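Reviewing the structure listed below.
No experiment lies behind these values; they were computed from the predicted model shown.
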Amino acid sequence: MHTSLATLCGLVTALAVSAHGTHGKVDPWNDEYANTPDLSFSGVTSFAHLPHVKCLDKPEQAFDVALLGVPFDSAVSFRPGARFGPYALRSGSRRQRPERGYTSRLKVNPYTNGLYVLDCGDVPVTPFDPETAIKQVKAGYKSVLHHPIVNEEEMKRLHMQKGLDGEYHPRIIALGGDHTIVLPILDAVSEVYGPVSVIHFDAHIDTWNPNRYLGSVSLQADVNHGTFFWHAYESGFIKANSSIHAGIRTRFSGPQDLDDDVTAGFDLIHTFDIDDHGVEWIAEKIKARIGTGPVVISLDVDVMDPSIVPATGTPESGGWTSRELRRIIHSLVGLNIVAFDVVELSPAYDTQAEISAIAAADMVYDFLSILALGVDDKSTKKTDARTVDEL
């Protein structure tokens, strides 16, 4: 005689109940250590131990600020590896946590200030087809940008800008990835806000005209981490004559590269300007250039000196220290910021102490902090051309 599956399941359940009744509940962890929080070195590695959800699979998931990884590095010109940047940024943020996130400098805890911050995981882009990967980045970013928000009243209190559709949209901090990811990001952001200004921290201008860019041997090769701003300009994603580079110190083919940079809508702050004029002069020049319109802040970690951040694909000597850069970022409080990104972190070139990843993760923390302080009308204050080094 055969025993049915239902009968077997019933027997197993009965045995389990009997065993529980005989031996009692065995749970020594919760008896003594219930609700013990994870420490900096334990737990699932989300950014700053934030709650984490794969937002692309849950379009109903609401948040006000998203950390979104973009592990793409198929368009680099020198050292690859930035596809592991999102992993490294999360690892570098392990000593950050919401319950200990207050900054005495800016007097805010960006994790508990009223905006709900969520780690939304990564956009799983293909490593085999750059054209498709760029389409995936835009699709993933655009989807997250159109998720519902949690705290509309907080966004209103902070004077955050609504989209052209009259609705509030989440702010996204993209964790790259090579710098090419900013092209589809600007595409998605400009659809929501119209053409935007860009504050670009980098050693390189990234407005190289692909007609003169070494290695541009095809239409696909024309789109890379050195030409993406030129394509963004040609596509109308960038507001005319309202963007600025900061920290530039690369070599050029000649004056024509700088002419193209002006054509693409950028002004330029050289890395040595910090010695000649100081942090406050740099900040005021940035604010005067940007004004009150929507702005995207894009930070290539190679803006910092390779002695501070060795883990990047195209290092250049003579960069800013992490302290100098953080002071400049802090001074941008009040701008109408609609998106951020940190790119070109390539952890294979980092030290065992993860100094690059830690520095880059601290920049994300500073982005969150100035975002939590909101938008004000001081962003239009004109430069006073001070020449005193504020450091």
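- Side-chain heavy atoms closer than 4.5 Å link hydrophobic residues (I, L, V, M, F, W, Y) into clusters, and following such links, even through other members, never connects Val76 to Val303.
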Practice problem: Could you check Arg326 against Arg105 for side-chain contact (heavy atoms from CB on, under 4.5 Å), going step by step and ending with a plain yes or no? | Solution: CA-CA 11 Å; Arg326 295 187 70 183; Arg105 178 76 173 183; over 6 Å; no
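- A 6.0 Å sphere centred on OH of Tyr193 holds more than 12 heavy atoms belonging to other residues, nucleotides or ligands.
- Asp350 contributes a side-chain N or O that, together with a main-chain N or O of Ala357, makes up a donor-acceptor pair within less than 3.5 Å.
- In this pair, Trp29 and Tyr33 present their aromatic rings tilted. The plane angle is within the 30 to 60° band.
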Exercise. Show your working on side-chain contact (heavy atoms from CB on, under 4.5 Å) between Leu118 and Cys55 and close with a plain yes or no.
Key: CA-CA 9 Å; Leu118 184 67; Cys55 298; 3.7 Å; yes
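- Phe201 pairs in a side-chain contact (heavy atoms from CB on, under 4.5 Å) with only one of the listed residues (Asp302, Ile269, Leu299, Ile248), which is Leu299.
- Each of Tyr233, Phe229, Phe252 was evaluated against Trp208; a single residue qualifies, Phe252, per the ring pair (Phe, Tyr, Trp, His ring centres under 6.0 Å) test.
- The side-chain heavy atoms of Val296 and Val338, taken from C-beta on, include a pair separated by under 4.5 Å.
- If you check the side chains of Asp366 and His330, you find a donor sitting under 3.5 Å from an acceptor.
- Side-chain contact between Thr314 and Ser77 is present, with heavy atoms from C-beta onward closer than 4.5 Å.
- A heavy-atom distance below 4.5 Å is not found between the side chains of Leu145 and Glu191.
- Val144 and Ala66 make their closest contact through CG1-CB, 4.0 Å (heavy atoms, listed as atom of the first residue, atom of the second, distance).
- Follow the hydrophobic side-chain contacts under 4.5 Å out from Leu268 and you never reach Phe228; the two are in separate clusters.
- Panel note: side chain Thr45, backbone Arg90; no donor-acceptor pair is recorded below 3.5 Å.
- In this model, no donor atom of one side chain and acceptor atom of the other lie less than 3.5 Å apart for Asp260 and Thr207.
- For the pair Ala133 and Thr126, the tightest heavy-atom approach, listed with the atom from each and the gap, is CB-O, 3.5 Å.
- Residue Arg212 qualifies as enclosed at atom CZ: its count of foreign heavy atoms under 6.0 Å is above 12.
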Practice problem: Evaluate the side-chain contact (heavy atoms from CB on, under 4.5 Å) criterion for residues Glu99 and His49: first the C-alpha distance (whole Å), next the side-chain angles of each, then the deciding distance (0.1 Å), finally the verdict. | Solution: CA-CA 10 Å; Glu99 59 269 31; His49 300 272; over 6 Å; no
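- Distance check, rounded to the nearest 0.5 Å: CG of Asn209 to CG of Asp261 gives 11.5 Å.
- Separation of atoms CH2 (Trp320) and OG1 (Thr271) is listed at 6.0 Å; rounding is to 0.5 Å.
- When every heavy atom of Val117 is checked against every heavy atom of Leu368, the shortest pair comes out as CG1-CD2, 4.1 Å.
- No side-chain donor-acceptor contact under 3.5 Å links Asp178 to the backbone of Ala82.
- Across all non-hydrogen atoms, the minimal contact from Leu56 to Val123 is CD1-CA, 4.0 Å.
- A ring pair (Phe, Tyr, Trp, His ring centres under 6.0 Å) with His179 is found for one member of His231, His200, His204, His225 and no other, namely His200.
- Judged by distance alone, the side chain of Asp129 and the main-chain N or O of Glu131 form a donor-acceptor pair under 3.5 Å.
- At least one side-chain heavy atom of Gln220 sits less than 4.5 Å from a side-chain heavy atom of Pro130.
- Hydrophobic clustering (ILVMFWY, side-chain heavy atoms < 4.5 Å, transitive): Ile358 and Tyr349 are in distinct clusters.
- None of Phe63, Tyr141, Tyr168, Tyr116 except one satisfies the ring pair (Phe, Tyr, Trp, His ring centres under 6.0 Å) rule with His147; the exception is Phe63.
- Under the 3.5 Å distance criterion, the side-chain polar atoms of Ser42 are left unmatched by any main-chain donor or acceptor of Asp38.
- No donor-acceptor distance shorter than 3.5 angstrom exists from the side chain of Ser235 to the backbone of Ala232, with no hydrogens or angles considered.
- Val198 and Ile244 are members of different hydrophobic clusters when ILVMFWY side chains are connected at heavy-atom separations under 4.5 Å.
- Proximity of Asp64 to Val150: side-chain heavy atoms (C-beta onward) are separated by under 4.5 Å at one or more points.
- Distance check, rounded to the nearest 0.5 Å: CZ of Arg327 to OG of Ser322 gives 13.0 Å.
- Considering every non-hydrogen atom in both Ile337 and Leu332, the closest pair reads CD1-O, 4.4 Å.
- Remark: the Ser298 side chain and the Asp341 side chain contain an N/O donor-acceptor pair separated by less than 3.5 Å.
- Under the rule for a side chain to side chain donor-acceptor pair (under 3.5 Å), the partners of Glu154 that lie at least two apart in sequence or sit in another chain are Arg157.
- With rounding to the nearest 0.5 angstrom, the CE atom of Met155 is 6.0 Å from the CG atom of Leu115.
- Note that CG of Asp300 is 4.0 Å distant from CG of Asp202, once rounded to the nearest 0.5 Å.
- Considering CG of Asn109 and OG of Ser369, their distance stands at 8.0 Å, rounded to 0.5 Å.
- Between Gly101 and Tyr365, the shortest heavy-atom distance links the atoms O-OH, 2.7 Å.
- Between the side chain of Ser40 and the backbone N or O of Arg95, no donor-acceptor pair lies under 3.5 Å.
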Practice problem: For the pair Met304 and Glu324, evaluate side-chain contact (heavy atoms from CB on, under 4.5 Å) and give the outcome as yes or no after the intermediate values. | Solution: CA-CA 9 Å; Met304 291 177 276; Glu324 291 166 337; over 6 Å; no
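- Remark: Lys285 does not engage Asp273 in a salt bridge, criterion side-chain N to carboxylate O under 4.0 Å.
- Without hydrogens or angle criteria, Asp119 side chain to Gly121 main chain gives a donor-acceptor distance under 3.5 Å.
- When the side chains of ILVMFWY residues are joined at heavy-atom separations under 4.5 Å, either directly or via intervening members, Val125 and Leu345 end up in two distinct hydrophobic clusters.
- Side chain of Arg249 to main chain of His270: no donor-acceptor pair is present (N/O by atom type, distance under 3.5 Å, no hydrogens or angles).
- Between the side chain of Ser243 and the backbone N or O of Phe266 there is no donor-acceptor pair closer than 3.5 Å.
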